[in-house]
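Reviewing the structure listed below.
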Amino acid sequence: GFSISGEVSGNTVTVQNGAIIKSSVRGGISDSKAVSGNSVTIKGATVGGTVSGGKSSNTGVVSGNTVTVTGTDTSITGSVEGGESESGAVSGNSVTVQDGTNVTGDVYGGYSLSGAVSDNTVTIKGATVGGKIYGGYVNNDPGNATGNTVTIGDYAQTMTTLADTTEIYGGFNKATSTNGDVFTGNTFNIGSVISVNKIANFQNYNITIPAGLKADETMVTTANAIDLSGKGIDIKDKPTVAIVGINGSYDWSNKSATIFNSVTNSDNAKLEDGDIRQGLTYKYEAELSFNTNKKLQVTFVKKDVAKVADEAKSLSEGRAASLGFVNMGADLLSGAGLDNAQAAGKNGATFAAISYGKNKMDTGSYADIKGTSVVAGAARNISTDNAETLIGGFIEAGWGRYNTFNSFAEGGNITASGDTNYYGIGILAKHTMKSGLYSEASLRIGRVDNKYNSSDLSAFLSSEAKYDFGSTYYGLHLGVGK
């Protein structure tokens, strides 16, 4: 989209399938008005110029634009920018470079010559970047670049390659003497082994230990020491370094690995360690510390046993809900199903029964299940002088939905939902004496399927928690009465 004096929003540009663009690609351009909500996707293509989600050539605000560059056959020679403005504010833009892409130039979440640059994101995962990486970039004094996020690597354990000359900034101001803030609220998420020239201007460092990192190895190597002072900024909060996750399993026998090979002003940093997660299910106890050589190290305190996280219970409740629904089908069979079979059996006929029901299972918290169950078959009575015997065969099916709820001290309230259904076959029998004494039985076997989803577990994962599983069920019921 393009306008000289109007707003430009909601446009989509896709370049793919081997296309070669020698110039620049932008989602939207306006001279002086807002540029927002535009998106650019480069997939399996080559671009020789700049790739930008949105641009204002003057004072326009640039916000909410996205750029996705993906694919092993994708190459960008120029820079990649979420949003750019001459002198307007640039905020909430995002850039994702992933899945084998090669970017030769610099990567910017947001860029402005003199406007505020805030809350932009850059994500690099499984890609190669040869230039510098900026969450937010301001060219002139006293511009601010705050609240921006840069993420390198991810839970998928894909290889991310950065040049030794690469510099990574949460915020950056090109002016040699600036009163602007390029530190506050900027966040660096790192989940890959990298070696770069410099990392600077972040208030928050969140570390996910990558799979394969061994004791005595280094995760992040920088030619220039990482400055943890936040100096030049009037802030109350110290820089924070936290272990937030783990990929793989570790047994380092009280040895340490190096997270940052070189830091300065380490006394000013706040370290957050303790229990760290391997995905959702397991937790390890870890300690962060600075050694005498100014390296940030991590040590696993309890190596031999990983603790199962309490929140993992939610995953099992999906299966418990499926079992409860199958049991609702068993209640239908042993009740109305058997009664209808006995009535039909007098004439050697078919029978059926259907029910819609709700059930609340106490699982420590609870699972609510509701659905429809059906049983149908054929039955026959065989009479003798002293008794009557019913025999029959049947098919059964059920379609249901469930919701689960749990509350945990650490994870808060965890809700989940899902669909479950079952299909099966079976046989039944009932023997009734002249005296009224009877015995009955049924045998059933089938398959139950379950689709589970929980967005509340996304805090521990890179996405929603979900699974789709199927398994065999079987059941036997016996009864006597009069």
*Determine, for Asp419 against Lys451, whether the closest basic-nitrogen to carboxylate-oxygen distance falls under 4.0 angstrom.*
no
*Would you say the side-chain atoms of Asn403 and Asp368 include a donor-acceptor pair closer than 3.5 Å?*
no
*Partners meeting salt bridge (charged side-chain N to carboxylate O under 4.0 Å, His left out) with Asp164 (sequence neighbours left out)*: none
*Check whether any side-chain heavy atom of Thr264 sits under 4.5 Å from a side-chain heavy atom of Ser229, and report yes or no.*
no
_Side chains of Asn140 and Ser114: any donor to acceptor distance under 3.5 Å?_
no
*Answer yes when Arg319 and Glu317 have at least one side-chain N-carboxylate O distance shorter than 4.0 Å, and no when they do not.*
no
*Specify whether Tyr137 and Tyr111 have parallel, tilted or perpendicular ring planes, treating 30° as the upper limit for parallel and 60° as the lower limit for perpendicular.*
parallel
For residues 76-88, please give each side-chain donor-acceptor pair under 3.5 Å, one per line with the distance, not counting sequence neighbours.
{"unit_1": "Ser79", "atom_1": "OG", "unit_2": "Thr50", "atom_2": "OG1", "d": "3.4"}
{"unit_1": "Ser79", "atom_1": "OG", "unit_2": "Glu81", "atom_2": "OE2", "d": "3.3"}
{"unit_1": "Glu84", "atom_1": "OE2", "unit_2": "Arg26", "atom_2": "NE", "d": "2.9"}
{"unit_1": "Glu84", "atom_1": "OE2", "unit_2": "Arg26", "atom_2": "NH2", "d": "3.2"}
{"unit_1": "Glu84", "atom_1": "OE2", "unit_2": "Ser52", "atom_2": "OG", "d": "3.2"}
{"unit_1": "Ser85", "atom_1": "OG", "unit_2": "Gly60", "atom_2": "O", "d": "2.9"}
{"unit_1": "Ser85", "atom_1": "OG", "unit_2": "Gly88", "atom_2": "N", "d": "2.9"}
{"unit_1": "Ser87", "atom_1": "OG", "unit_2": "Asn58", "atom_2": "O", "d": "3.2"}

*Say you draw a straight line from CG of Asn201 to OH of Tyr169; how long is it, rounded to the nearest 0.5 Å?*
7.5 Å
_Between Thr184 and Asp181, a side-chain donor and acceptor under 3.5 Å_ = yes
*Apply side chain to side chain contact (heavy atoms under 4.5 Å, CB included) to Ser316 and list each qualifying residue two or more places apart in sequence or on a separate chain.*
Lys313
*Could you tell me whether the side chains of Thr221 and Ser195 share a donor-acceptor contact shorter than 3.5 Å?*
no
*Answer yes or no for Arg447 and Tyr473: cation-pi contact, defined as NZ/CZ to six-membered ring centre under 6.0 Å and angle to ring axis within 45°.*
no
